[in-house]
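What you see below is based on every heavy atom in this structure, not just the backbone, and it leaves out hydrogens, waters and symmetry mates.
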Amino acid sequence: MQDTNAATINYAYQRIHQIARKFRVGTRRNAFDFAIAIASSLESDLGISRQATLFEFINGATTALDPYSSYLTGEQYAEVMSQIDGNFVGLGIEIRPRQKTLQILATIPNGPANKSGLQQGDFILRINGQSVEEIGGEVAADLLKGQEGSLVSLQLQRNQELFSVNVKRERVDIPSLQNISLIDRQNGVGYIQLTNFQKTTARDFEEALWNLHRQGMKSLIVDVRGNPGGLLTASVDVADLFINTGVLVSTKG
């Protein structure tokens, strides 16, 4: 990117305002030409790639449609679909980027990280020799991704102790149900944590209900805290297990 001192930024700002005054956007072609003109100007004046500017135009236009619309890159879309399918290639960990580290919030049972001894509360300091503090949390998180069967070298901290481990990236099944149990046997209170809605959720949920029923369940707590959503049809199918009559949900395009 070119020098971006105040004078340079102000010049670029004035230029895009001049371009905007020349355009009357009334058609899709007008909008496309306007976006290209602005992107070309910012690339020339500030060194911002045209692709980055056009991405912001697309993202802004999509977000403005309604509170539920957003634009996904190919990588983001693939990640959403992996959650819906209930599996992905990776280490099987949930992480939170911090200033100098990646904190492991949870490991997926029987996932690569879990089998390698990684635990909730561990901090990842280095990935393949690169410091998380130096490259930033988002870039560091991307380094955890890779081809199935490949190895990633991690340096971690646990209770002030440093240790290193190599973890093989594998295909990981994401459970949409966790902690299925009868938490109060005397009163027959069952508990199911529903973490997301994916293709197998309704089938797995019904199976869990029958298992709890055979244990004497009389009432049920369904814990959806932190559930980001997922497949609409799966959530409808789960609700259908409890509601006998009436419309569950309707959609309008």
Side-chain angles (χ1 to χ4, degrees), residues 66-70 72 74-96 103-122 141 144-145 148 167-253:
D66 57 56
Y68 312 104
S69 297
S70 60
L72 300 177
E75 186 173 317
Q76 290 169 332
Y77 177 75
E79 186 172 337
V80 170
M81 292 308 296
S82 71
Q83 293 176 354
I84 290 175
D85 290 337
N87 63 76
F88 67 98
V89 173
L91 305 185
I93 56 176
E94 181 184 351
I95 56 174
R96 174 191 293 156
Q103 181 184 12
I104 297 180
L105 300 180
T107 63
I108 294 177
N110 298 317
N114 182 264
K115 290 186 289 188
S116 297
L118 274 62
Q119 299 177 9
Q120 178 183 359
D122 289 348
L144 298 175
K145 304 173 184 177
E148 185 173 3
V167 184
K168 181 185 289 187
R169 299 179 179 96
E170 299 176 2
R171 185 159 297 279
V172 180
D173 291 325
I174 310 170
S176 60
L177 307 181
Q178 295 182 10
N179 303 318
I180 303 167
S181 62
L182 207 62
I183 59 174
D184 185 342
R185 291 189 175 277
Q186 182 176 352
N187 295 299
V189 181
Y191 175 88
I192 299 176
Q193 184 180 6
L194 183 52
T195 59
N196 59 75
F197 292 97
Q198 57 195 41
K199 290 181 178 178
T200 60
T201 297
R203 181 196 67 198
D204 295 342
F205 198 96
E206 185 171 15
E207 182 179 344
L209 284 179
W210 280 111
N211 287 336
L212 290 173
H213 176 71
R214 284 191 286 270
Q215 296 177 50
M217 179 183 67
K218 299 176 183 178
S219 60
L220 175 67
I221 297 171
V222 181
D223 188 349
V224 292
R225 290 175 296 177
N227 186 321
L231 199 61
L232 174 62
T233 53
S235 64
V236 172
D237 289 341
V238 170
D240 192 40
L241 296 172
F242 299 94
I243 302 173
N244 295 323
T245 60
V247 177
L248 293 176
V249 65
S250 63
T251 63
K252 183 177 181 180

Distance-minimising heavy-atom pair for [X] and [Y]:
X	Y	value
Val89	Arg169	CG1-CB, 4.4 Å
Asn110	Lys115	O-CE, 3.4 Å
Thr107	Leu118	CG2-O, 3.7 Å
Ala202	Ala234	CB-O, 4.4 Å
Gly92	Pro112	N-CD, 4.4 Å
Leu212	Gly190	CD1-CA, 4.4 Å

Roughly how far, to the nearest 0.5 Å, is the [atom2] atom of [Y] from the [atom1] atom of [X]?
X	Y	atom1	atom2	value
Leu177	Gln198	CG	CD	8.0 Å
Arg214	Leu182	CZ	CG	13.0 Å
Phe242	Phe205	CZ	CZ	4.0 Å
Asp184	Ser219	CG	OG	8.0 Å
Ile104	Gln120	CD1	CD	10.0 Å
Lys168	Leu91	NZ	CG	12.5 Å

Can a donor-acceptor pair be found, under 3.5 Å and without considering hydrogens, that links the side chain of [X] to the backbone of [Y]?
X	Y	answer
Asn227	Leu194	yes
Asp122	Gln119	yes
Arg185	Gly216	no

Do [X] and [Y] have side-chain heavy atoms sitting under 4.5 Å apart?
X	Y	answer
Leu231	Lys199	yes
Ile192	Leu209	yes
Val222	Val238	no
Thr195	Pro175	no

side-chain hydrogen bond (donor to acceptor under 3.5 Å, both in side chains) between Tyr191 and Asp223, intermediate numbers included: CA-CA 7 Å; Tyr191 175 88; Asp223 188 349; 2.6 Å; yes
Chi angles and distances behind the side-chain contact (heavy atoms from CB on, under 4.5 Å) call for Asn211, Ile180: CA-CA 9 Å; Asn211 287 336; Ile180 303 167; 6.0 Å; no
